[in-house]
Amino acid sequence: MKIRPLPETDLARIAPLSRDEKRGALQQMQLGRPPYSYAPVRATISDVLNIQSDLIGPMPATPWEKIEGTIRKKSKSDAEERANLQVAAGLFDFVQAREIVGRRLDIFPLQLGIGTKVIFWQPVVLTLNERAIIPFLDPRRAKGLTANGRKFVFSVMHERIRAADPDFADVTLAIVQFARSKEGPRTPIIFTDEKSELFTFDELDQMVRETYELWTEILEERTAETRRRAGGGGGLFS
């Protein structure tokens with residue numbers, strides 16, 4: 001049976017829990033499609049974050065109207081359009097107000113557990129007040145990163161970025177979550193790891209390994225239950 005990967009935010013939220021808490025959280029995971037995704041804002045993230053090309057040199061920031069138009073085109077429903085525009089507008093305003101600029105930075109995934117490759121960062125490095133920052137975006141309204149989830153993400157980022165490359169030893173790691181808002185832009189809430197105690201690589205590896213062992217068991221149980229129900233369906237006189 002092919003094991004469906006857990007969404008990255010759910011993995012970070014669930015992995016630090018105790019074994020029993022993991023099982024309970026994983027049993028609540030649904031396999032259906034969510035009401036909407038944040039794919040449209042992710043597709044425009046280079047423009048939102050004012051990412052500059054190393055080849056061309058400094059360029060003016062992309063106008064908000066162009067970003068807004070792209071998100072509207074890529075959104076598959078009114079709810080998705082509204083959710084993505086709120087996140088993009090809040091982040092765009094934040095970047096412009098602080099004159100943040102950035103450049104692309106390709107970072108290979110970190111492998112944990114049994115062949116699980118994780119990516120908890122945007123492939124960019126931002127500059128704010130001569131400070132280098134690598135962010136991870138968590139735009140969810142519900143079931144976003146908890147404090148332990150953020151610790152998990154920071155730990156993965158540290159292992160893959162700072163511990164693996166001395167050139168990035170002093171980079172600041174940031175998680176960007178967003179305030180709730182019924183109307184208008186959602187304001188970014190920035191967390192950094194500067195005062196965080198991090199998980200070790202071995203701790204991360206064990207957390208992910210155990211999470212996927214339990215996830216595999218739960219999926220196998222669901223498959224068996226589906227087959228049992230299909231096989232036990234009644235005939236004409238049942």
Side-chain angles (χ1 to χ4, degrees), residues 5-22 24-26 28-29 34 37-38 41-42 45 48-49 83 86-88 90-91 94-95 98 100 102 105 107-113 116-126 128 131-165 168-181 186-212 214-215:
L6 292 164
E8 56 192 15
T9 302
D10 290 312
L11 176 61
R13 182 173 56 85
I14 294 170
L17 300 175
S18 69
R19 186 177 181 88
D20 288 344
E21 290 172 329
K22 277 189 182 73
L26 289 168
Q28 294 177 20
M29 291 288 296
S37 80
Y38 288 96
V41 72
R42 295 187 191 282
I45 200 65
V48 172
L49 294 178
Q86 285 186 292
V87 168
L91 192 54
F94 183 89
V95 168
R98 289 158 181 79
I100 294 173
L105 179 68
I107 305 171
F108 292 111
L110 180 68
Q111 184 163 312
L112 296 169
T116 303
K117 294 182 179 181
V118 295
I119 300 175
F120 287 101
W121 50 79
Q122 300 303 126
V124 300
V125 58
L126 307 177
L128 173 61
R131 188 180 183 188
I133 301 169
I134 296 179
F136 172 74
L137 304 185
D138 174 22
R140 287 186 176 187
R141 292 179 181 274
K143 293 188 176 180
L145 293 174
T146 59
N148 265 342
R150 290 192 294 269
K151 180 178 176 179
F152 180 92
V153 171
F154 281 138
S155 302
V156 171
M157 295 176 80
H158 171 78
E159 289 295 333
R160 185 63 193 88
I161 299 169
R162 293 195 300 215
D165 190 340
F168 293 102
D170 296 325
V171 75
T172 297
L173 308 177
I175 292 172
V176 185
Q177 296 183 290
F178 296 82
R180 294 190 180 190
S181 174
R186 292 176 60 195
T187 304
I189 302 172
I190 313 297
F191 298 89
T192 63
D193 74 318
E194 293 171 310
K195 297 182 180 179
S196 300
E197 180 182 346
L198 303 179
F199 296 119
T200 66
F201 178 86
D202 288 342
E203 288 173 329
L204 293 171
D205 191 70
Q206 178 57 31
M207 289 176 191
V208 172
R209 189 181 299 269
E210 183 177 69
T211 300
Y212 268 101
L214 291 169
W215 183 229

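For the pair Arg98 and Phe94, the cation-pi criterion (under 6.0 Å, within 45° of the ring axis) is fulfilled.
Taking the side chain as every heavy atom from C-beta outward, Val124 and Ile45 never approach each other to under 4.5 Å. Looking at Gln86 and Ser181, their side chains come closer than 4.5 Å, going by heavy atoms from C-beta outward. Looking only at side-chain heavy atoms (C-beta outward), Phe120 and Leu173 stay at 4.5 Å or farther from each other. Residues Met207 and Ser155 have side chains not in contact (no heavy-atom distance under 4.5 Å, counting atoms from C-beta outward). Contact of the Leu112 side chain with the Asp205 side chain is registered, since non-hydrogen atoms from C-beta on lie closer than 4.5 Å. In this structure the side chain of Tyr212 reaches within 4.5 angstrom of the side chain of Pro5, judged on heavy atoms.
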For a side chain to side chain contact (heavy atoms under 4.5 Å, CB included) check, start with the C-alpha distance between Phe108 and Arg160, then their side-chain angles and the critical distance, and finish with the verdict.
CA-CA 8 Å; Phe108 292 111; Arg160 185 63 193 88; 3.2 Å; yes

message = Working note: Arg13 + Asp138, criterion salt bridge (charged side-chain N to carboxylate O under 4.0 Å, His left out); need CA distance, chi angles, decisive distance, verdict.
response = CA-CA 11 Å; Arg13 182 173 56 85; Asp138 174 22; over 6 Å; no

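Taking CD1 from Ile189 and CD1 from Ile175, the interatomic distance works out to 12.5 Å, rounded to the nearest 0.5 Å. Note that CZ of Arg186 is 9.5 Å distant from CD of Gln177, once rounded to the nearest 0.5 Å. To the nearest 0.5 Å, atoms NZ (Lys151) and CD (Glu197) are separated by 5.0 Å. Expressed to the nearest 0.5 Å, how far CD1 of Ile190 lies from CD1 of Ile133 amounts to 8.0 Å. For the atom pair CZ (Arg19) and OG1 (Thr211), the distance works out to 9.5 Å, reported to the nearest 0.5 Å.
Summarising the geometry of Leu110 relative to Phe201, their closest heavy-atom pair is CD1-CE1, 4.1 Å, with the distance given to 0.1 Å. Residue Arg162 comes nearest to Leu198 through the heavy atom pair NH2-CD1, 4.2 Å, listed as atom of the first residue, atom of the second, then distance. Contact record, Phe136 with Trp121: CD1-N, 3.5 Å, taken as the closest heavy-atom pair. Between Pro139 and Phe178 the shortest heavy-atom distance is CA-CD1, 3.7 Å. Pairing each heavy atom of Phe152 with each of Ala15, the nearest pair is CE1-CB, 3.6 Å. Taking every heavy atom of both residues into account, Ala25 and Ile14 meet most closely at CB-CG1, 3.9 Å.
Across Thr172, Ile107, Leu126, a single residue satisfies side chain to side chain contact (heavy atoms under 4.5 Å, CB included) together with Ile134, and that is Ile107.
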